[in-house]
There are 2 protein chains.
Amino acid sequence: MVKLSTKGRYGVKAMFDLAQHVGEGPTSLKSIAERQGISEHYLEQLISGLRKAGLVKSIRGAQGGYLLGREPDKIRIGDIIRVLEGPIAPTDCVSEEAPEICSKAEFCVTRTIWEKVRDSIADVLDSITLETMLEDARKIESERSLYMYYI
Amino acid sequence: MVKLSTKGRYGVKAMFDLAQHVGEGPTSLKSIAERQGISEHYLEQLISGLRKAGLVKSIRGAQGGYLLGREPDKIRIGDIIRVLEGPIAPTDCVSEEAPEICSKAEFCVTRTIWEKVRDSIADVLDSITLETMLEDARKIESERSLYMYYI
DNA sequence: TTTATATCTTATAAAAATACTCGGGATTTG
DNA sequence: CAAATCCCGAGTATTTTTATAAGATATAAA
(Lines give C-alpha, C1' and ligand atoms only; values in the text may rest on other atoms or scores of the structure.)
Protein backbone atom coordinates (compact mmCIF):
# COMPACT_ATOMS: atom_id res chain seq x y z
CA MET A 1 0.00 0.00 0.00
CA VAL A 2 0.99 3.53 -0.63
CA LYS A 3 3.91 2.06 -2.46
CA LEU A 4 6.23 3.78 -4.87
CA SER A 5 6.62 1.98 -8.19
CA THR A 6 10.05 1.31 -9.66
CA LYS A 7 9.56 4.37 -11.83
CA GLY A 8 9.85 6.71 -8.91
CA ARG A 9 12.62 4.77 -7.22
CA TYR A 10 14.72 4.29 -10.32
CA GLY A 11 14.12 7.89 -11.33
CA VAL A 12 15.37 9.27 -8.02
CA LYS A 13 18.39 6.98 -8.14
CA ALA A 14 19.22 8.08 -11.67
CA MET A 15 18.81 11.76 -10.84
CA PHE A 16 20.99 11.37 -7.76
CA ASP A 17 23.60 9.64 -9.93
CA LEU A 18 23.56 12.64 -12.28
CA ALA A 19 23.89 14.97 -9.31
CA GLN A 20 26.99 13.10 -8.20
CA HIS A 21 28.54 13.78 -11.58
CA VAL A 22 27.69 17.45 -11.92
CA GLY A 23 30.50 19.35 -13.64
CA GLU A 24 31.92 16.28 -15.35
CA GLY A 25 30.12 16.68 -18.67
CA PRO A 26 27.31 14.46 -19.91
CA THR A 27 26.73 11.10 -18.25
CA SER A 28 25.56 8.26 -20.47
CA LEU A 29 22.47 6.30 -19.65
CA LYS A 30 24.47 3.12 -19.92
CA SER A 31 26.82 4.11 -17.13
CA ILE A 32 23.94 5.20 -14.90
CA ALA A 33 22.11 1.95 -15.55
CA GLU A 34 25.20 -0.07 -14.71
CA ARG A 35 26.02 1.78 -11.50
CA GLN A 36 22.44 1.72 -10.27
CA GLY A 37 21.63 -1.78 -11.46
CA ILE A 38 18.70 -0.80 -13.65
CA SER A 39 17.73 -2.01 -17.12
CA GLU A 40 19.06 0.49 -19.61
CA HIS A 41 16.07 0.26 -21.93
CA TYR A 42 13.66 0.75 -19.10
CA LEU A 43 15.57 3.71 -17.73
CA GLU A 44 15.43 5.21 -21.21
CA GLN A 45 11.66 5.47 -20.95
CA LEU A 46 11.80 7.08 -17.55
CA ILE A 47 14.41 9.64 -18.43
CA SER A 48 12.45 10.60 -21.51
CA GLY A 49 9.74 11.98 -19.22
CA LEU A 50 12.30 13.74 -17.05
CA ARG A 51 13.74 15.39 -20.14
CA LYS A 52 10.35 16.61 -21.34
CA ALA A 53 9.76 18.08 -17.90
CA GLY A 54 13.09 19.91 -18.05
CA LEU A 55 14.63 18.08 -15.12
CA VAL A 56 17.43 16.75 -17.33
CA LYS A 57 19.02 17.92 -20.57
CA SER A 58 20.25 15.48 -23.18
CA ILE A 59 23.19 15.62 -25.53
CA ARG A 60 22.94 13.24 -28.45
CA GLY A 61 25.66 11.44 -30.30
CA ALA A 62 28.94 9.90 -29.30
CA GLN A 63 30.23 11.15 -25.92
CA GLY A 64 26.70 12.36 -25.34
CA GLY A 65 24.52 11.69 -22.34
CA TYR A 66 22.49 13.56 -19.76
CA LEU A 67 22.96 16.57 -17.52
CA LEU A 68 20.79 17.93 -14.73
CA GLY A 69 18.39 20.55 -16.03
CA ARG A 70 18.96 22.79 -13.00
CA GLU A 71 21.28 23.08 -10.01
CA PRO A 72 20.94 20.17 -7.56
CA ASP A 73 19.47 22.50 -4.93
CA LYS A 74 16.72 23.49 -7.35
CA ILE A 75 15.50 19.95 -7.95
CA ARG A 76 13.21 18.58 -5.28
CA ILE A 77 12.51 14.87 -4.93
CA GLY A 78 8.85 15.79 -5.22
CA ASP A 79 9.50 17.22 -8.69
CA ILE A 80 10.98 13.92 -9.82
CA ILE A 81 8.25 11.79 -8.29
CA ARG A 82 5.46 13.88 -9.78
CA VAL A 83 6.92 13.55 -13.28
CA LEU A 84 7.35 9.80 -13.03
CA GLU A 85 4.39 8.78 -10.92
CA GLY A 86 1.91 11.55 -11.48
CA PRO A 87 0.41 13.92 -8.93
CA ILE A 88 0.61 12.90 -5.29
CA ALA A 89 -2.79 11.42 -4.50
CA PRO A 90 -3.49 8.72 -1.92
CA THR A 91 -6.98 8.72 -3.45
CA ASP A 92 -8.33 10.30 -6.64
CA CYS A 93 -10.58 12.63 -4.68
CA VAL A 94 -7.60 14.43 -3.12
CA SER A 95 -5.21 14.43 -6.07
CA GLU A 96 -2.88 17.43 -6.22
CA GLU A 97 -4.05 17.85 -9.80
CA ALA A 98 -7.63 17.67 -11.04
CA PRO A 99 -9.11 15.83 -8.06
CA GLU A 100 -12.05 13.66 -8.94
CA ILE A 101 -15.24 15.46 -8.05
CA CYS A 102 -17.42 13.74 -5.48
CA SER A 103 -20.84 15.04 -4.54
CA LYS A 104 -20.30 14.14 -0.90
CA ALA A 105 -16.92 15.84 -0.67
CA GLU A 106 -18.12 18.62 1.61
CA PHE A 107 -19.37 16.23 4.25
CA CYS A 108 -16.86 13.47 3.72
CA VAL A 109 -14.84 12.77 6.84
CA THR A 110 -12.57 10.16 5.27
CA ARG A 111 -11.58 12.66 2.63
CA THR A 112 -9.94 14.92 5.19
CA ILE A 113 -7.75 12.01 6.27
CA TRP A 114 -6.46 11.46 2.75
CA GLU A 115 -5.79 15.17 2.43
CA LYS A 116 -3.59 15.04 5.50
CA VAL A 117 -1.75 12.01 4.15
CA ARG A 118 -1.24 13.72 0.80
CA ASP A 119 0.12 16.87 2.40
CA SER A 120 2.47 15.02 4.71
CA ILE A 121 3.94 13.08 1.80
CA ALA A 122 4.29 16.21 -0.32
CA ASP A 123 5.95 18.07 2.56
CA VAL A 124 8.59 15.40 2.96
CA LEU A 125 9.30 15.05 -0.75
CA ASP A 126 9.41 18.79 -1.34
CA SER A 127 11.72 19.43 1.59
CA ILE A 128 14.46 17.25 0.12
CA THR A 129 16.52 18.29 -2.91
CA LEU A 130 19.30 16.54 -4.79
CA GLU A 131 21.68 18.89 -2.97
CA THR A 132 20.35 17.63 0.37
CA MET A 133 21.08 14.11 -0.80
CA LEU A 134 24.60 15.03 -1.85
CA GLU A 135 25.23 16.51 1.60
CA ASP A 136 23.87 13.38 3.26
CA ALA A 137 26.08 11.23 1.08
CA ARG A 138 29.15 13.29 1.98
CA LYS A 139 28.30 12.99 5.65
CA ILE A 140 27.88 9.23 5.46
CA GLU A 141 31.14 8.95 3.56
CA SER A 142 33.10 11.00 6.08
CA GLU A 143 31.67 8.99 8.98
CA ARG A 144 32.60 5.85 7.15
CA SER A 145 36.22 6.86 6.66
CA LEU A 146 36.46 7.96 10.28
CA TYR A 147 35.28 4.53 11.31
CA MET A 148 37.74 2.86 8.96
CA TYR A 149 40.53 4.93 10.50
CA TYR A 150 39.90 3.56 13.97
CA ILE A 151 40.04 -0.08 12.93
CA MET B 1 1.63 6.54 -7.04
CA VAL B 2 1.57 6.09 -3.34
CA LYS B 3 -2.09 5.31 -3.83
CA LEU B 4 -4.43 3.57 -1.46
CA SER B 5 -6.30 0.64 -2.98
CA THR B 6 -10.04 0.25 -2.59
CA LYS B 7 -9.35 -2.17 0.23
CA GLY B 8 -8.06 0.56 2.48
CA ARG B 9 -10.63 3.11 1.42
CA TYR B 10 -13.61 0.79 1.68
CA GLY B 11 -12.33 -0.59 4.95
CA VAL B 12 -12.08 2.82 6.58
CA LYS B 13 -15.54 3.73 5.31
CA ALA B 14 -17.02 0.52 6.67
CA MET B 15 -15.32 0.95 10.04
CA PHE B 16 -16.52 4.54 10.27
CA ASP B 17 -20.02 3.35 9.45
CA LEU B 18 -19.82 0.88 12.33
CA ALA B 19 -18.56 3.64 14.60
CA GLN B 20 -21.60 5.71 13.72
CA HIS B 21 -23.82 2.88 14.91
CA VAL B 22 -22.08 2.04 18.14
CA GLY B 23 -24.57 1.08 20.83
CA GLU B 24 -27.27 0.08 18.37
CA GLY B 25 -26.53 -3.63 18.25
CA PRO B 26 -24.99 -5.47 15.31
CA THR B 27 -24.93 -3.79 11.90
CA SER B 28 -25.37 -6.05 8.89
CA LEU B 29 -22.88 -6.05 6.07
CA LYS B 30 -25.69 -5.48 3.64
CA SER B 31 -26.69 -2.19 5.23
CA ILE B 32 -23.09 -0.99 5.37
CA ALA B 33 -22.55 -1.91 1.75
CA GLU B 34 -25.71 -0.07 0.72
CA ARG B 35 -24.98 3.09 2.67
CA GLN B 36 -21.37 3.23 1.52
CA GLY B 37 -22.00 2.13 -2.05
CA ILE B 38 -19.69 -0.87 -1.94
CA SER B 39 -20.17 -4.37 -3.35
CA GLU B 40 -21.40 -6.56 -0.52
CA HIS B 41 -19.42 -9.62 -1.57
CA TYR B 42 -16.25 -7.62 -1.89
CA LEU B 43 -16.74 -5.97 1.49
CA GLU B 44 -17.21 -9.42 2.96
CA GLN B 45 -13.63 -10.29 2.09
CA LEU B 46 -12.30 -7.13 3.60
CA ILE B 47 -14.21 -7.39 6.85
CA SER B 48 -13.08 -10.97 7.23
CA GLY B 49 -9.53 -9.67 7.65
CA LEU B 50 -10.68 -7.00 10.08
CA ARG B 51 -12.42 -9.63 12.15
CA LYS B 52 -9.36 -11.87 12.28
CA ALA B 53 -7.37 -8.86 13.48
CA GLY B 54 -9.91 -8.19 16.21
CA LEU B 55 -10.98 -4.80 14.89
CA VAL B 56 -14.56 -6.01 14.52
CA LYS B 57 -16.63 -8.73 16.17
CA SER B 58 -19.23 -10.68 14.25
CA ILE B 59 -22.57 -12.12 15.29
CA ARG B 60 -23.92 -14.81 13.02
CA GLY B 61 -27.47 -15.68 12.14
CA ALA B 62 -30.58 -13.62 11.55
CA GLN B 63 -30.40 -10.12 13.07
CA GLY B 64 -26.66 -10.66 13.24
CA GLY B 65 -23.97 -8.38 11.91
CA TYR B 66 -20.82 -6.64 13.01
CA LEU B 67 -19.71 -4.58 15.98
CA LEU B 68 -16.50 -2.65 16.58
CA GLY B 69 -13.95 -4.77 18.39
CA ARG B 70 -12.89 -1.89 20.65
CA GLU B 71 -14.04 1.61 21.58
CA PRO B 72 -13.84 4.06 18.66
CA ASP B 73 -11.04 5.99 20.38
CA LYS B 74 -8.96 2.80 20.55
CA ILE B 75 -9.09 2.14 16.82
CA ARG B 76 -6.61 4.13 14.76
CA ILE B 77 -6.92 4.53 11.01
CA GLY B 78 -3.41 3.13 10.80
CA ASP B 79 -4.62 -0.09 12.43
CA ILE B 80 -7.27 -0.51 9.74
CA ILE B 81 -4.94 0.33 6.87
CA ARG B 82 -2.25 -2.06 8.06
CA VAL B 83 -4.70 -4.95 8.23
CA LEU B 84 -6.10 -4.33 4.77
CA GLU B 85 -3.08 -3.09 2.86
CA GLY B 86 -0.20 -4.55 4.80
CA PRO B 87 2.61 -2.72 6.57
CA ILE B 88 3.21 0.89 5.58
CA ALA B 89 6.10 0.76 3.15
CA PRO B 90 6.74 3.22 0.33
CA THR B 91 9.46 0.75 -0.68
CA ASP B 92 10.21 -2.79 0.47
CA CYS B 93 13.51 -1.73 1.99
CA VAL B 94 11.77 0.49 4.57
CA SER B 95 8.72 -1.64 5.33
CA GLU B 96 7.42 -1.33 8.88
CA GLU B 97 7.56 -5.12 9.00
CA ALA B 98 10.40 -7.33 7.79
CA PRO B 99 12.09 -4.77 5.55
CA GLU B 100 13.87 -6.30 2.61
CA ILE B 101 17.56 -6.49 3.37
CA CYS B 102 19.79 -4.55 1.03
CA SER B 103 23.55 -4.77 1.23
CA LYS B 104 23.90 -1.07 0.48
CA ALA B 105 21.38 0.01 3.10
CA GLU B 106 23.94 1.63 5.39
CA PHE B 107 25.17 3.95 2.68
CA CYS B 108 21.94 4.39 0.80
CA VAL B 109 20.83 7.98 0.67
CA THR B 110 17.54 7.35 -1.12
CA ARG B 111 16.58 4.95 1.62
CA THR B 112 16.51 7.71 4.20
CA ILE B 113 14.00 9.56 2.05
CA TRP B 114 11.61 6.62 1.96
CA GLU B 115 11.99 6.23 5.72
CA LYS B 116 10.85 9.81 6.20
CA VAL B 117 7.91 9.28 3.86
CA ARG B 118 6.92 6.11 5.71
CA ASP B 119 7.08 7.82 9.10
CA SER B 120 5.08 10.83 7.99
CA ILE B 121 2.32 8.61 6.62
CA ALA B 122 2.30 6.45 9.76
CA ASP B 123 2.19 9.54 11.99
CA VAL B 124 -0.87 10.89 10.22
CA LEU B 125 -2.73 7.59 10.17
CA ASP B 126 -1.91 6.78 13.78
CA SER B 127 -2.96 10.19 15.03
CA ILE B 128 -6.53 9.73 13.78
CA THR B 129 -8.98 7.35 15.44
CA LEU B 130 -12.59 6.52 14.65
CA GLU B 131 -13.51 8.76 17.59
CA THR B 132 -11.69 11.65 15.90
CA MET B 133 -13.72 11.01 12.80
CA LEU B 134 -16.98 10.97 14.76
CA GLU B 135 -16.10 14.32 16.29
CA ASP B 136 -15.26 15.75 12.88
CA ALA B 137 -18.54 14.46 11.51
CA ARG B 138 -20.48 16.05 14.38
CA LYS B 139 -18.71 19.33 13.78
CA ILE B 140 -19.50 19.31 10.08
CA GLU B 141 -23.09 18.44 10.82
CA SER B 142 -23.54 21.24 13.33
CA GLU B 143 -21.99 23.75 10.95
CA ARG B 144 -24.29 22.52 8.28
CA SER B 145 -27.47 22.94 10.35
CA LEU B 146 -26.33 26.38 11.44
CA TYR B 147 -25.98 27.31 7.81
CA MET B 148 -29.40 25.88 7.01
CA TYR B 149 -30.89 27.93 9.85
CA TYR B 150 -29.75 31.19 8.32
CA ILE B 151 -31.27 30.55 4.93
C1' DT C 1 33.28 10.40 -44.87
C1' DT C 2 32.81 6.52 -42.32
C1' DT C 3 32.20 4.33 -37.91
C1' DA C 4 31.09 3.98 -33.31
C1' DT C 5 28.45 5.88 -29.75
C1' DA C 6 24.34 7.64 -27.95
C1' DT C 7 19.82 9.32 -27.66
C1' DC C 8 14.87 8.88 -29.23
C1' DT C 9 10.47 6.57 -30.50
C1' DT C 10 7.11 3.15 -30.85
C1' DA C 11 5.36 -1.42 -30.32
C1' DT C 12 4.78 -5.64 -27.88
C1' DA C 13 4.10 -8.47 -24.00
C1' DA C 14 4.81 -11.18 -19.68
C1' DA C 15 3.82 -10.85 -14.85
C1' DA C 16 1.64 -9.09 -10.98
C1' DA C 17 -1.82 -6.66 -8.59
C1' DT C 18 -6.46 -5.09 -8.25
C1' DA C 19 -11.23 -5.37 -7.89
C1' DC C 20 -14.63 -7.90 -8.09
C1' DT C 21 -18.04 -12.10 -8.85
C1' DC C 22 -20.05 -16.43 -7.73
C1' DG C 23 -21.60 -20.47 -5.34
C1' DG C 24 -22.48 -22.83 -1.55
C1' DG C 25 -22.00 -23.92 3.53
C1' DA C 26 -22.71 -22.75 8.59
C1' DT C 27 -25.33 -20.45 12.21
C1' DT C 28 -29.01 -18.16 14.54
C1' DT C 29 -33.70 -16.08 15.13
C1' DG C 30 -38.59 -16.18 14.85
C1' DC D 1 -38.50 -25.02 9.13
C1' DA D 2 -37.51 -20.62 6.64
C1' DA D 3 -35.30 -16.42 6.40
C1' DA D 4 -31.45 -13.71 7.50
C1' DT D 5 -26.81 -13.46 8.04
C1' DC D 6 -22.08 -14.54 8.46
C1' DC D 7 -18.24 -17.48 6.41
C1' DC D 8 -15.02 -19.43 2.94
C1' DG D 9 -12.69 -20.53 -1.27
C1' DA D 10 -12.30 -20.40 -6.19
C1' DG D 11 -12.60 -18.04 -10.45
C1' DT D 12 -12.03 -13.99 -13.57
C1' DA D 13 -11.69 -9.62 -15.99
C1' DT D 14 -9.18 -5.44 -16.01
C1' DT D 15 -5.44 -2.57 -15.15
C1' DT D 16 -0.84 -1.55 -13.89
C1' DT D 17 3.75 -2.59 -13.70
C1' DT D 18 7.92 -3.81 -15.60
C1' DA D 19 10.11 -4.57 -18.76
C1' DT D 20 12.06 -6.13 -23.90
C1' DA D 21 12.96 -5.20 -28.66
C1' DA D 22 13.73 -3.05 -33.04
C1' DG D 23 14.98 0.50 -35.51
C1' DA D 24 15.41 5.68 -36.47
C1' DT D 25 18.11 9.83 -35.64
C1' DA D 26 22.06 12.61 -34.22
C1' DT D 27 26.91 13.60 -33.24
C1' DA D 28 31.94 13.11 -32.33
C1' DA D 29 36.03 11.25 -33.53
C1' DA D 30 39.00 8.61 -36.49
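Chain naming here is simple, since letters A, B, ... match the order of the sequence lines and numbering starts at 1 in each.
K13(A) places its NZ atom 13 Å from the P atom of dT18(D), with the value rounded to the nearest Å. In this structure, NZ of K3(B) is placed 10 Å from P of dA19(C), rounded to the nearest angstrom. When the C1' atom of dC8(C) is taken as reference, atom OH of Y42(A) falls 18 Å away, rounded to whole Å. A straight line from CD of E40(A) to C1' of dA19(D) spans 14 Å, rounded to a whole angstrom. In this structure, Y66(A) atom OH and dT5(C) atom P are separated by 17 Å, rounded to whole Å. When the C1' atom of dA4(D) is taken as reference, atom CD of E34(B) falls 14 Å away, rounded to whole Å. Atom CD of E85(B) is separated from atom P of dT18(C) by 8 Å (rounded to the nearest Å). Residue K7(B) contributes atom NZ, which lies 11 Å from atom C1' of dC20(C) at whole-angstrom precision.
At a threshold of 4.0 angstrom between heavy atoms, the contacts of I47(A) with the nucleic acid are absent.
Distances shorter than 4.0 Å separate some side-chain N or O of T6(A) from OP1 or OP2 on dT18(D). The phosphate of dC8(C) has OP1 or OP2 within less than 4.0 Å of a side-chain N or O from S58(A). A sub-4.0 Å separation between OP1 or OP2 of dC20(C) and a side-chain N or O of Y10(B) is present.
Salt-bridge annotation for D79(B) and R70(B): present, with a side-chain N of the basic residue lying under 4.0 Å from a carboxylate O of the acidic one.
Shown here for V124(B) and K116(A), the closest heavy-atom pair between the two residues is CG1-CB, 3.8 Å.
The hydrophobic cluster containing I59(B) also includes L67(B), under a criterion of side-chain heavy atoms closer than 4.5 Å among ILVMFWY residues, counted directly or through chains of members.
Within 6.0 Å of CD on E71(B) lie no more than 12 heavy atoms contributed by other residues, nucleotides or ligands. Within a 6.0 Å sphere centred on CD of E97(B), other residues, nucleotides and ligands contribute 12 heavy atoms or fewer.
In the model, S145(A) has no side-chain atom that pairs as donor or acceptor with a side-chain atom of S142(A) under 3.5 Å.
Applying the salt bridge (charged side-chain N to carboxylate O under 4.0 Å, His left out) rule to pairs touching residues 34-57 of chain A yields D17(A)-R35(A), sequence neighbours excluded.
Applying the side chain to side chain contact (heavy atoms under 4.5 Å, CB included) criterion to T110(A), with sequence neighbours excluded, gives C108(A), W114(A), V12(B), K13(B), M133(B). Looking at residues two or more places apart in sequence or on another chain, you find no side chain to side chain contact (heavy atoms under 4.5 Å, CB included) involving D119(B).
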At a cut-off of 3.5 Å, list every protein nitrogen or oxygen paired with a nitrogen or oxygen from nucleotides 9-12 of chain C, distance to 0.1 Å.
from, atom 1, to, atom 2, distance (Å)
dT9(C), OP2, R51(A), NH2, 3.0

Atom pairs, protein N/O to nucleotides 28-30 of chain C N/O, distance under 3.5 Å:
from, atom 1, to, atom 2, distance (Å)
dT28(C), O2, A62(B), N, 3.2

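Counting only heavy atoms from C-beta on, S39(A) has its side chain closest to dA19(D) among dC8(C), dA19(D), dC6(D).
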